[in-house]
Amino acid sequence: MHTRFPPEPNGFLHIGHAKSICLNFGLAREFGGKCNLRYDDTNPTKEEQVYIDAINEDVRWLGFEWEQPECYTSDYFDRLYEWARQLIRQGDAYVDDQTADEIRETRGTLKEPGTESPYRNRPVEENLDLFERMKKGEFDEGKKVLRAKIDMASGNLNLRDPVLYRILKAPHPRTGNAWCIYPMYDWAHGQSDSIEGITHSVCTLEFEDHRPLYDWCLDKLGAFHPQQIEFARLQLSHTLLSKRVLIQMVKDGTVNGWDDPRMPTISGLRRRGYTPESIREFCERIGVAKSNSTVEIGLLEHCLREELNKTARRVMAVLNPLKLVITNYPEGQTEEFDAENNPEDESAGFRKVPFSREVYIERDDFMEDPPKKFFRLGPGREVRLKHACIIRCDEVIKNDAGEIVELHCSYDPETRGGANPADGRKIKGTLQWVSVPHAVDAEVRLYDHLFSHETPWDSKACPELQSCLNPESLTVLKNAKVEPELGAAQLGDRFQFLRMGYFSVDPDAKPGAPVFNRTVTLKDTWGKMVSKGKAG
RNA sequence: UGGGGCGUCGACAAGUGGUCUAAGUCACGGGAUUUUGGAUCCCGCAUUCGGAGGUUCGAAUCCUCCCGCCCCAGCCA
């Protein structure tokens with residue numbers, strides 16, 4: 001088995017491409033075959049080297065290695081040209097002088113047949129001569145094309161004398177000015193597959209109509225004939241995977257570049273903190289079929305959490321800090337408690353976490369008048385500070401505006417170090433915290449789905465993209481407090497901020513000024529109860 | 001009668017004549033457990049396969065008709 005992943009270098013790869021990559025490379029891996037990376041670079045007006053570099057990086061990052069060296073359709077331009085001459089000699093192709101408009105008008109419609117070009121029956125020698133002169137640059141763009149001579153009455157429009165070559169006086173990123181005629185996809189793809197010895201040419205559903213043409217070309221040429229097989233492209237809820245729209249959002253500033261952590265691009269997912277493993281697992285679980293379907297983005301997030309739960313170090317961070325003073329703890333005293341790094345992985349060991357009289361807790365973890373099922377902190381209530389001790393809230397301090405600025409609590413010395421109370425009373429709530437004098441300031445960026453609408457690609461449900469955007473897709477928190485050791489977090493580090501979610505270091509981070517991206521939240525049963533009104 | 005596809009649980013998706021009163025995963029609901037309302041563990045979740053007929057001892061799987069959805073009229077890929 002020999003497969004290939006054939007991107008056009010005209011944009012960045014996204015999660016939909018990942019499905020194709022995993023499929024093609026996965027097939028080769030599973031059946032002991034090979035997989036090529038082939039750039040389908042037949043349109044120099046749209047393609048650029050920067051995209052090739054980005055695609056190479058993304059495929060490698062996803063964990064796949066292609067047969068060296070990578071392939072380019074442009075490497076086959078000579079062969080393709082010779083093959084075109086063979087077609088002409090066989091009387092299966094001709095040079096057409098009609099304009100693009102004329103060709104469109106004579107193609108017919110979906111229900112009516114087209115009409116044949118007046119140039120359709122030119123003698124072979126004339127076609128050969130004209131085609132050669134096209135190659136030499138004697139004609140302007142649009143003046144002539146090479147067409148296959150098939151059937152202008154075919155029900156399949158692709159068979160109504162499709163254009164094989166057009167004149168494009170544009171320099172090519174790889175062949176420079178060597179060519180001014182470039183092959184169309186239909187003329188290039190199958191033959192490139194054939195040259196590379198591809199056995200299974202896997203592509204998306206919209207090419208199903210092209211298969212008869214794919215077969216026609218190879219049959220006429222008598223060349224090695226790979227088999228084209230189609231599958232449904234990925235559609236993800238709350239996500240747009242159209243290259244056109246992605247480019248637009250980058251250009252109009254809706255997002256901050258191709259690698260904005262909200263983008264479904266591989267580079268965006270990478271910056272967001274996704275792991276290659278989780279993306280591969282996702283591609284494995286969604287399966288491959290021919291029916292158009294939409295996968296819930298929750299499945300992608302599940303695959304991520306599943307992996308991060310096993311691998312990410314747990315650490316404490318407070319996103320929206322509220323100061324809490326433990327009045328019966330000696331002023332100026334500091335001690336360290338042992339904290340487990342990952343309950344899912346014993347080998348991750350323990351670390352020391354500094355504790356003192358004043359700590360920050362999450363503002364949302366306190367309610368002045370909490371509902372019954374809220375088992376976090378409230379006046380007179382007891383709660384556990386993870387790894388440290390049990391505290392009771394004695395007093396709520398407010399400013400003149402009536403805002404809560406500080407909590408006064410007392411701790412139970414018996415529970416110091418995380419011990420359970422001797423009297424056997426159960427403490428339901430556990431909070432993460434950060435010691436005030438030891439805290440490191442951090443910027444935390446909270447990300448959510450770019451689109452609040454489930455099917456942003458649906459023009460009926462979403463006539464205007466803007467109105468379907470999630471206004472809360474990015475929330476920047478500049479006043480987060482994190483454990484001291486996180487001040488030294490490195491790019492590529494991933495953590496679970498206890499009870500808050502999984503976070504990764506953003507490239508914007510600088511020494512002493514950490515920046516964290518929320519990769520994905522933790523499952524939030526309480527949040528779900530609140531939004532369903534069952535929290536009372 | 002343009003051509004090509006697709007329709008199995010809320011979302012994916014196995015299954016292509018008997019082992020199907022239909023696998024698995026996510027989601028969802030319930031319970032246990034828990035120093036993360038996380039994780040983990042149990043339990044539940046399509047008598048039905050777009051619909052209607054038919055063939056057959058037997059159909060999601062074969063046949064007929066019907067319905068719905070997607071793709072194709074770039075000198076894009």
Side-chain angles (χ1 to χ4, degrees), chain A residues 6-8 10 40-43 45-47 96 98-101 103-105 107-114 141-147 153-160 162-168 181-182 184-186 188-189 203-212 230 232 237 243 282 284-303 305-306 309-310 314 316 339-340 342-344 373-376 384-390 415 418-420 427-432 496-501 521-530 535:
Chain A
E8 182 189 11
N10 69 344
D40 221 336
D41 55 348
T42 58
N43 187 352
T45 64
K46 291 187 177 171
E47 298 152 5
D96 195 347
Q98 292 183 112
T99 64
D101 284 345
I103 288 179
R104 183 175 354 98
E105 283 157 16
R107 184 151 29 225
T109 67
L110 293 179
K111 295 191 176 183
E112 299 154 21
E141 280 187 21
K143 291 299 181 196
K144 283 180 168 47
V145 291
L146 183 72
R147 289 231 256 171
S154 172
N156 182 342
L157 294 283
N158 294 122
L159 263 21
R160 319 242 263 228
V163 171
L164 266 24
Y165 272 95
R166 77 288 214 189
I167 297 168
L168 247 32
I181 57 171
Y182 291 93
M184 298 286 290
Y185 167 86
D186 286 309
H189 205 91
C203 63
T204 45
L205 252 29
E206 66 270 28
F207 292 102
E208 222 153 7
D209 286 341
H210 293 248
R211 188 171 2 112
E230 307 84 11
S237 73
K243 255 187 202 175
F282 170 72
E284 197 66 43
R285 290 205 198 182
I286 57 177
V288 180
K290 291 191 70 167
S291 62
N292 285 309
S293 56
T294 300
V295 177
E296 290 171 350
I297 198 165
L299 182 58
L300 212 210
E301 294 167 344
H302 167 82
C303 293
R305 287 192 187 102
E306 187 177 52
N309 174 50
K310 290 183 217 135
R314 309 292 117 132
M316 295 198 287
E340 190 179 30
N342 186 348
E344 306 295 319
K373 289 178 182 167
F374 182 85
F375 47 82
R376 275 115 92 150
R384 183 192 300 274
L385 294 182
K386 180 84 174 175
H387 310 304
C389 58
I390 290 168
T415 62
N420 280 313
I427 307 299
K428 264 211 137 177
T430 299
L431 312 185
Q432 87 279 15
Q496 183 195 106
F497 286 1
L498 228 58
R499 305 205 306 133
M500 294 286 102
T521 60
L522 248 31
K523 274 194 4 190
D524 183 8
T525 312
W526 169 249
K528 202 185 293 170
M529 285 168 71
V530 170

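Naming: A, B, ... by sequence-line order, numbering from 1 per chain. All heavy atoms count here, side chains included; hydrogens, waters and symmetry mates do not.
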message = What is the separation between atom NZ on A:K528 and atom P on B:A27, rounded to the nearest whole Å?
response = 8 Å

ask   = What interatomic distance, in whole Å, is found between C1' of B:U34 and the corresponding atom of B:A46?
value = 34 Å

Interatomic distance at P, B:G38 relative to B:G29, whole Å = 13 Å

Under 3.5 Å on both distances, the Watson-Crick or G-U partner of B:G68 = B:C6

message = Between C1' on B:A13 and CD on A:E284, what's the gap in Å once rounded to a whole number?
response = 13 Å

Residue A:V295, side-chain atoms from C-beta onward, closest of B:C12, B:U36, B:G4 = B:C12

request  = May I ask you to evaluate whether A:S154 reaches the phosphate of B:G2, defined as a side-chain N or O under 4.0 Å from OP1 or OP2?
outcome  = no

inquiry  = With a 4.0 Å cut-off on N to O distance, would you call A:E230 and A:R211 a salt bridge?
reply    = yes

note = 5'-most contact on RNA chain B (nearest-nucleotide basis), A:M500 vs A:L157, goes to A:L157

ask   = Got a second to check how far A:H210's NE2 is from A:L159's CG, nearest 0.5 Å?
value = 10.5 Å

ask   = B:C6 and B:U64: how far apart are their P atoms, nearest whole angstrom?
value = 16 Å

query = Roughly how far apart, to the nearest Å, are B:C28 and B:G74 at atom P?
reply = 45 Å

remark   = To the nearest 0.5 Å, atom CE of A:M316 lies from atom CZ of A:F497 at 12.0 Å

inquiry  = As an exercise, state the distance from CG of A:L168 to CD1 of A:I181, rounded to the nearest 0.5 Å.
reply    = 10.5 Å

query = OP1 or OP2 of B:A39 sitting under 4.0 Å from any side-chain N/O of A:K310?
reply = no

query = Who is the Watson-Crick or G-U wobble partner of B:U47, with both distances under 3.5 Å?
reply = none

ask   = Over how many whole Å does the gap from A:L299 atom CG to B:U25 atom C1' extend?
value = 7 Å

key: Donor-acceptor pair under 3.5 Å, A:D524 side chain vs B:G37 base   = no

request  = Identify whether any heavy atom of A:R211 sits under 4.0 Å from a base atom; if not, whether one sits that close to sugar-phosphate; answer base, sugar-phosphate or nothing.
outcome  = nothing

request  = Using a heavy-atom cut-off of under 4.0 Å over every strand shown, decide if A:K386 touches base, sugar-phosphate, or nothing.
outcome  = base

task = Could you please name the option among B:C12, B:G5, B:U36 that lies closest to any side-chain atom of A:S293?
result = B:C12

task = Please lay out, stage by stage, how A:K386 and A:E340 fare under the test salt bridge (charged side-chain N to carboxylate O under 4.0 Å, His left out).
result = CA-CA 10 Å; A:K386 180 84 174 175; A:E340 190 179 30; 5.5 Å; no

request  = Write down the distance separating the P atoms in B:U8 and B:G50, rounded off to the nearest Å.
outcome  = 6 Å

ask   = Taking CD from A:E208 and P from B:C71, how many angstroms apart are they, rounded to a whole number?
value = 13 Å

task = Could you please name the option among B:G37, B:C12, B:A39 that lies closest to any side-chain atom of A:I286?
result = B:C12

task = Would you mind reading off the distance between A:Q496 atom CD and B:U36 atom P, rounded to a whole angstrom?
result = 11 Å

key: Whole-Å P distance, B:G4 and B:A11   = 29 Å

request  = State whether A:K111 places a side-chain N or O below 4.0 Å from either non-bridging phosphate oxygen (OP1 or OP2) of B:A73.
outcome  = no

request  = Would you mind pulling out the nucleotide paired to B:A27, Watson-Crick or G-U wobble, both distances under 3.5 Å?
outcome  = none

task = Quick one: list whatever passes side-chain contact (heavy atoms from CB on, under 4.5 Å) with A:N10, sequence neighbours left out.
result = A:E8, A:K46, A:E47, A:K243

task = Indicate yes or no: at least one non-hydrogen side-chain atom of A:Q98 is less than 4.5 angstrom from one of A:R147.
result = yes

Donor-acceptor list for residues 288-301 of chain A side chains, cut-off 3.5 Å, not counting sequence neighbours:
from: A:K290; atom 1: NZ; to: A:E208; atom 2: OE2; distance (Å): 2.3
from: A:E301; atom 1: OE2; to: A:H449; atom 2: NE2; distance (Å): 3.0

request  = Calculate the interatomic distance between A:N156 atom CG and B:G5 atom P; express it in whole Å.
outcome  = 10 Å

task = Remember a base hit wins even if backbone is also touched, and classify A:L498 as base, sugar-phosphate or nothing at under 4.0 Å, heavy atoms.
result = base

ask   = Rounding to the closest angstrom, what is the interatomic distance between B:C9 and B:G15 at atom C1'?
value = 15 Å

key: Check: A:R314 side chain, B:U36 base, donor-acceptor under 3.5 Å   = yes

Separation between the C1' atoms of B:G7 and B:C66, rounded to whole Å = 14 Å

remark   = Separation of B:U34 atom C1' from A:I427 atom CD1, nearest Å, is 15 Å

inquiry  = Quick check for you: among B:U25, B:A11, B:C6, whose closest atom lies nearest to any side-chain atom of A:E296?
reply    = B:A11

task = Decide, for B:G74, between syn and anti: a glycosidic angle within 90° of 0 counts as syn, anything else as anti.
result = syn

inquiry  = With a 3.5 Å limit on both atom pairs, tell me what B:U56 is paired to, counting Watson-Crick and G-U wobble, or say none.
reply    = none

Between the protein and nucleotides 74-77 of chain B, list the N/O to N/O atom pairs that are separated by less than 3.5 angstrom.
from: B:G74; atom 1: OP2; to: A:R107; atom 2: NH2; distance (Å): 3.4
from: B:C75; atom 1: OP1; to: A:R107; atom 2: NH2; distance (Å): 3.1
from: B:C75; atom 1: OP2; to: A:R107; atom 2: NH1; distance (Å): 3.3
from: B:C75; atom 1: N4; to: A:Q98; atom 2: O; distance (Å): 3.0
from: B:C75; atom 1: N4; to: A:A100; atom 2: N; distance (Å): 2.9
from: B:C75; atom 1: N4; to: A:G142; atom 2: O; distance (Å): 3.0
from: B:C76; atom 1: OP2; to: A:R166; atom 2: NE; distance (Å): 3.1
from: B:C76; atom 1: OP2; to: A:R166; atom 2: NH2; distance (Å): 3.0
from: B:C76; atom 1: O3'; to: A:R166; atom 2: NH2; distance (Å): 3.2
from: B:C76; atom 1: O2'; to: A:N43; atom 2: ND2; distance (Å): 3.1
from: B:A77; atom 1: OP1; to: A:T42; atom 2: OG1; distance (Å): 2.6
from: B:A77; atom 1: OP1; to: A:R166; atom 2: NH1; distance (Å): 3.4
from: B:A77; atom 1: OP1; to: A:R166; atom 2: NH2; distance (Å): 2.9
from: B:A77; atom 1: OP2; to: A:Y185; atom 2: N; distance (Å): 3.0
from: B:A77; atom 1: O3'; to: A:D40; atom 2: OD2; distance (Å): 3.1
from: B:A77; atom 1: N6; to: A:H210; atom 2: NE2; distance (Å): 3.2

query = Any side-chain heavy-atom pair from A:W526 and A:F375 closer than 4.5 angstrom?
reply = no

inquiry  = Suppose we call a contact any N or O donor and acceptor under 3.5 Å apart; does that hold for the side chain of A:E230 and the base of B:G5?
reply    = no

request  = Report, as yes or no, whether the 6.0 Å neighbourhood of atom CD on A:E344 holds more than 12 heavy atoms from other residues, nucleotides or ligands.
outcome  = yes

query = Starting at CG of A:D209 and ending at P of B:C71, how long is that distance when rounded to a whole Å?
reply = 11 Å

message = Just to be sure I understand the rule, does A:F375 reach a base, reach only the sugar-phosphate, or reach nothing, if contact means heavy atoms closer than 4.0 Å?
response = base

inquiry  = Among B:G2, B:C71, B:U36, which nucleotide has an atom closest to any side-chain atom of A:L110?
reply    = B:G2

message = Going by purine N1 to pyrimidine N3 plus the second Watson-Crick contact, or the G-U wobble pair, all under 3.5 Å, which nucleotide sits opposite B:U40?
response = B:A32

ask   = Can you find a donor-acceptor pair, distance only, under 3.5 Å between A:E344 side chain and B:U40 base?
value = no

Closest heavy-atom pair and its distance - A:R305, A:L522 = NE-C, 3.9 Å

task = Using a heavy-atom cut-off of under 4.0 Å over every strand shown, decide if A:A153 touches base, sugar-phosphate, or nothing.
result = nothing

inquiry  = If you assign A:R499 and A:T109 each to the RNA chain B nucleotide with the nearest heavy atom, which residue ends up on the more 5' nucleotide?
reply    = A:R499

